[in-house]
Amino acid sequence: QGFADDNGFDEFCVDIMDEDSWLSTLKEKIDLLKNDKEYLMSWYDTRDECISKNRIMFDNFCKEVSLLINDISKGRNNG
């Protein structure tokens with residue numbers, strides 16, 4: 001389940017490969033999101049943490065790409 005496990009969403013995940021119970025599990029999770037404030041807030045907290053973490057990773061990636069492009073550009077101008 002990769003993304004869910006890596007980002008703390010495993011509690012909210014529904015395994016669709018479980019042919020016998022995925023639909024009932026989905027209905028249970030939807031019911032919890034609609035009726036259990038703590039469960040819903042936990043989902044929002046997990047989502048916010050995931051977004052924050054991935055935004056930082058993306059920003060760092062963009063900085064690295066920018067540095068590489070600048071280095072390549074300098075090399076072409078000096079070559």
* Please check if atom CD1 in I16 has more than 12 non-hydrogen atoms from other residues, nucleotides or ligands closer than 6.0 Å. => no

* W43 and L33: which non-hydrogen atoms are nearest, and at how many Å? -> CB-CD2, 4.1 Å

* Which atoms form the tightest heavy-atom contact between V14 and W22, and what is the distance? -> CG1-O, 3.5 Å

* Gap between atom SG of C13 and atom CG of L26 - 0.5 Å precision -> 10.5 Å

* Structure fact -> Going by chain and number, the hydrophobic cluster around V65 (ILVMFWY, side chain to side chain under 4.5 Å) further includes F61, I69

* **Non-hydrogen atoms of S21 and S24 that approach each other most closely** => O-OG, 3.0 Å

* For N7, all residues meeting side-chain hydrogen bond (donor to acceptor under 3.5 Å, both in side chains), sequence neighbours excluded -> K53

* Are any side-chain N or O atoms of K29 and backbone N or O atoms of E11, one a donor and one an acceptor, separated by less than 3.5 Å? -> yes

* Atom pair CG (N54) and CD (E49), whose distance is rounded to the nearest 0.5 Å -> 10.5 Å

* Asked: How long is the span from the CG atom in L40 to the NZ atom in K37, to the nearest 0.5 Å?
  -> 7.0 Å

* Donor-acceptor pair, S42 side chain versus E38 backbone, under 3.5 Å? -> no

* **Inter-residue atom distance L67.CG - I72.CD1, 0.5 Å rounding** => 11.0 Å

* Indicate, with yes or no, if I56 and F3 share a hydrophobic cluster defined by side-chain heavy-atom contacts under 4.5 Å among Ile, Leu, Val, Met, Phe, Trp and Tyr. => no

* To do: Spell out, yes or no, whether Y44 and F9 are grouped together once hydrophobic residues are joined by side-chain heavy atoms under 4.5 Å, including indirect joins.
  => yes

* Measure the shortest side-chain to side-chain distance between N60 and M57 over non-hydrogen atoms and say whether it is less than 4.5 angstrom. => no

* Asked: What residues form a side-chain hydrogen bond (donor to acceptor under 3.5 Å, both in side chains) with D36, not counting sequence neighbours?
  -> none

